[in-house]
Novice: 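Would you mind keeping the following structure in view while I ask a few things?
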4 protein chains.
Amino acid sequence: MHKGRMEAFSDGVIAILITIMVLEFKVPSEPTPAALCAMAPVFLGYVLSFVFIGIYWNNHHHMLQAVDKVNGGILWANQHLLFWLSLVPFVTAWMGHSGWAPFPVACYGVVLLGAGSAYAILSLLLIRHHGKDSVLAKAVGRSGKEIFSVAAYSSAIALAFVDTRLSGTLYVTVAVVWLVPDRRIERALAEQ
Amino acid sequence: MHKGRMEAFSDGVIAILITIMVLEFKVPSEPTPAALCAMAPVFLGYVLSFVFIGIYWNNHHHMLQAVDKVNGGILWANQHLLFWLSLVPFVTAWMGHSGWAPFPVACYGVVLLGAGSAYAILSLLLIRHHGKDSVLAKAVGRSGKEIFSVAAYSSAIALAFVDTRLSGTLYVTVAVVWLVPDRRIERALAEQ
Amino acid sequence: MHKGRMEAFSDGVIAILITIMVLEFKVPSEPTPAALCAMAPVFLGYVLSFVFIGIYWNNHHHMLQAVDKVNGGILWANQHLLFWLSLVPFVTAWMGHSGWAPFPVACYGVVLLGAGSAYAILSLLLIRHHGKDSVLAKAVGRSGKEIFSVAAYSSAIALAFVDTRLSGTLYVTVAVVWLVPDRRIERALAEQ
Amino acid sequence: MHKGRMEAFSDGVIAILITIMVLEFKVPSEPTPAALCAMAPVFLGYVLSFVFIGIYWNNHHHMLQAVDKVNGGILWANQHLLFWLSLVPFVTAWMGHSGWAPFPVACYGVVLLGAGSAYAILSLLLIRHHGKDSVLAKAVGRSGKEIFSVAAYSSAIALAFVDTRLSGTLYVTVAVVWLVPDRRIERALAEQ
């Protein structure tokens with residue numbers, strides 16, 4: 001089975017998700033700087049989620065470049081990842097409109113944790129399908145980024161009920177850590 | 001006529017449908033667990049429809065892999081399928097926001113029945129276009145899944161007026177039955 | 001310049017347009033057949049526009065199959081067509097929500113007339129770019145469908161102020177006339 | 001790394017942005033010409049933004065035709081451009097619904113300035129990646145259009161607080177200057 005249509009479908013869904021988040025910017029009723037400033041929490045959430053979804057697209061892009069073939073299980077693991085990503089616009093909007101209240105901030109972390117787990121499952125299935133000695137396995141096998149992210153998301157969920165600024169800082173930290181595309185795969189492909 | 005652009009257009013429409021359903025999640029006014037729990041019926045409908053549209057994409061993907069060429073009639077049969085699928089977000093939202101009331105639950109079944117029929121018509125036209133001895137004909141020819149689905153949808157529509165939980169159970173059952181991608185086509189392609 | 005990305009971009013825009021129209025189906029507040037029936041004017045408009053946009057996609061698809069190359073002017077003529085098509089969801093929703101009132105029904109005709117003219121301009125530019133003896137020129141050169149459509153749209157705009165059912169009938173008639181994909185191009189390609 | 005998926009993703013995002021702007025056309029409550037006329041400021045903003053996003057798509061299309069390969073930094077520069085473009089529907093709607101009030105008109109200029117700068121950064125990174133003697137470098141290297149645009153946007157932002165019609169005129173002027181696709185690249189490709 002070819003990976004082409006799975007790539008195209010994922011690109012489509014991710015492109016739509018990243019774009020419809022902007023529909024949550026309700027037009028302010030007053031044409032003033034104050035009205036714009038009142039949107040700051042919504043805007044900050046938007047920027048964060050735009051970066052996160054961009055990271056997913058980027059890493060998904062990189063990972064699938066090292067992939068040759070897919071099967072039914074992989075298609076569904078990919079669908080599972082898209083499901084979690086599809087919840088990002090909702091939790092982003094809720095977090096923003098509530099002014100980063102504790103519970104929505106924790107929910108944001110739950111969705112990111114779900115997406116991160118779904119990504120891990122997808123990469124495990126891809127590695128199993130390509131064999132332990134494949135380029136993909138070598139590339140994805142050695143990293144602590146995933147473990148760090150899971151720990152950070154879990155902490156952020158708990159810390160949201162202490163101080164949401166701590167959670168926000170953790171979300172930004174994870175984003176920064178991932179911003180660099182997966183050099184491991186580029187390196188593994190180059191070493192080949 | 002090449003199948004490429006029909007595939008691309010269908011992928012686009014299905015990707016948008018699966019994504020805009022999330023726009024029906026209205027941001028709760030309170031940042032509390034209770035407000036999130038109040039969304040449970042909407043969320044359940046979303047998960048169900050996400051899985052259903054995912055199944056259609058997956059099987060559409062599989063079926064078109066066994067297809068060589070299309071014609072004008074097939075393009076319109078495909079458009080007909082997309083029409084029924086385009087109604088899924090509406091009935092999903094209505095079912096959810098009404099708290100799974102009988103009439104919207106029945107309407108949900110009508111739309112699924114319409115989509116299922118449209119899919120059957122599309123596969124019949126594709127088989128007629130490729131001949132009785134084609135890979136596609138052999139692959140699609142032997143299955144009771146379609147008949148089971150039609151029976152289940154019809155029952156679910158009627159049972160919605162008795163107890164909507166029965167309808168819900170039937171919808172979930174059909175989804176589970178279809179979750180496995182069409183092994184018949186994979187097998188027929190492999191036997192070739 | 002390759003036509004590939006223009007095709008892909010047009011497919012994307014048309015897929016989104018045909019899909020976001022469904023967002024105009026506001027979830028009825030009552031879960032009753034009466035509430036669904038009250039949506040009939042909106043639904044009829046949706047079906048009509050779904051068919052019209054499907055026709056444009058289909059014919060656009062056919063026309064570009066006979067095309068080899070594009071230039072800057074053609075890209076903008078295509079953009080002009082997409083502009084008119086982008087207004088279809090708005091006039092469809094207005095027509096529907098107003099219960100097919102005269103002025104919105106006339107506006108619907110104006111948008112269809114604009115889209116039709118834009119399509120004609122695009123095909124003229126494509127023919128000029130490919131030469132009078134090209135497959136495209138022969139294929140598109142001989143037809144009265146365009147002239148009929150322009151006459152029907154113009155009449156429908158005027159008749160909307162007499163009886164909107166006359167306009168509706170004319171819109172449906174044009175849709176039926178165009179439903180058959182452009183056999184001329186298929187024939188010209190086959191004759192080649 | 002291939003440029004294909006970056007092109008496809010950008011096309012997807014841009015197609016969605018140009019299309020969802022139409023969702024800002026709220027259906028008028030009255031089916032009258034007066035109700036339509038009241039939408040004139042919203043409609044004018046829509047036309048302007050449709051043309052601007054069309055220009056970005058067109059020039060992005062042209063620039064990437066002269067590109068062979070991309071890297072992680074270029075992917076993020078592209079993402080940065082898409083971020084600014086994603087804000088266009090919001091500022092367009094705000095400008096329109098406020099009746100072109102000074103502050104939203106200035107914000108519109110800020111977003112265009114951001115998008116213009118992001119485009120410039122993207123082209124600089126692409127040139128650095130392809131070398132000073134590449135087709136791309138020669139093609140993009142000689143032009144005053146970018147400098148003119150930056151000056152015009154900056155002036156429009158300031159002048160919004162004097163008279164928004166001056167800003168509007170400047171926006172239209174920039175659009176007209178860019179409407180012609182980038183002949184420099186076409187010429188450079190032809191000279192090759």
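In what follows, every chain begins at residue 1, and chains take the letters A, B, ... in the order their sequences are listed.
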Novice: Pick one of side chain, backbone, both or neither for Ile14(A), based on which atoms fall under 4.5 Å of a heavy atom in chain D.
Specialist: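 For Ile14(A), backbone and side chain are both near chain D.
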
Novice: Starting at CG of Leu23(A), measure out to OG of Ser86(D) and round the result to the nearest 0.5 Å.
Specialist: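 That separation rounds to 10.5 Å.
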
Novice: Step by step, work out the side-chain contact (heavy atoms from CB on, under 4.5 Å) result for Val88(D) and Val22(A).
Specialist: CA-CA 9 Å; Val88(D) 169; Val22(A) 91; over 6 Å; no

Novice: Show your reasoning for whether side-chain contact (heavy atoms from CB on, under 4.5 Å) applies to Met39(A) and Phe90(D).
Specialist: CA-CA 12 Å; Met39(A) 291 180 64; Phe90(D) 167 67; 3.6 Å; yes

Novice: Could you go through Val91(D) and Phe25(A), starting from their C-alpha distance and side-chain angles, then the distance that decides it, and tell me whether this counts as side-chain contact (heavy atoms from CB on, under 4.5 Å)?
Specialist: CA-CA 10 Å; Val91(D) 284; Phe25(A) 289 161; over 6 Å; no

Novice: May I ask you to decide if Leu179(A)'s main-chain N or O and Trp76(D)'s side chain share a donor-acceptor pair within less than 3.5 Å?
Specialist: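 Yes.
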
Novice: Assess the residue pair Val27(A) and Trp94(D) against the criterion (side-chain contact (heavy atoms from CB on, under 4.5 Å)); give the C-alpha distance rounded to whole Å, side-chain angles, the decisive distance to 0.1 Å, and a yes or no.
Specialist: CA-CA 5 Å; Val27(A) 170; Trp94(D) 197 20; 3.5 Å; yes

Novice: If you count heavy-atom pairs under 4.5 Å between each of Pro33(A), Gly54(A), Gly12(A) and chain D, which one has the most?
Specialist: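 Greatest number of close heavy-atom pairs with chain D: Pro33(A).
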
Novice: Against Gln79(D), only a single residue in Val51(A), Ile18(A), Asn58(A) fulfils side chain to side chain contact (heavy atoms under 4.5 Å, CB included); can you say which?
Specialist: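 So, applying the side chain to side chain contact (heavy atoms under 4.5 Å, CB included) to Gln79(D) and each of Val51(A), Ile18(A), Asn58(A), only Ile18(A) qualifies.
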
Novice: Below 4.5 Å from any heavy atom of chain D, which atoms of Thr32(A) appear? Answer side chain, backbone, both or neither.
Specialist: backbone

Novice: Looking at chain A, which one of Ala101(D), Pro104(D), Ala15(D) has the largest number of heavy-atom pairs inside 4.5 Å, strictly under?
Specialist: Pro104(D)

Novice: State, to 0.1 Å, how close Met6(D) and His61(A) come at their nearest heavy-atom pair, and which atoms those are.
Specialist: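 Of all heavy-atom pairs spanning Met6(D) and His61(A), the closest is N-CE1, 4.2 Å.
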
Novice: Under 4.5 Å heavy-atom distance to chain D, tell me which part of Glu30(A) shows up: side chain, backbone, both or neither.
Specialist: backbone

Novice: Report the distance from atom OH of Tyr46(A) to atom CG of Leu87(D), rounding to the nearest 0.5 Å.
Specialist: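 CG of Leu87(D) is found 5.5 Å from OH of Tyr46(A).
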
Novice: Mind telling me whether Trp57(A) and Phe9(D) have parallel, tilted or perpendicular rings, with 30° and 60° as the class edges?
Specialist: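 Parallel, since the angle between the ring planes stays under 30°.
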
Novice: Check each atom of Ile53(A) against the heavy atoms of chain D and say whether the ones under 4.5 Å are side chain, backbone, both or neither.
Specialist: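 Neither; nothing under 4.5 Å.
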
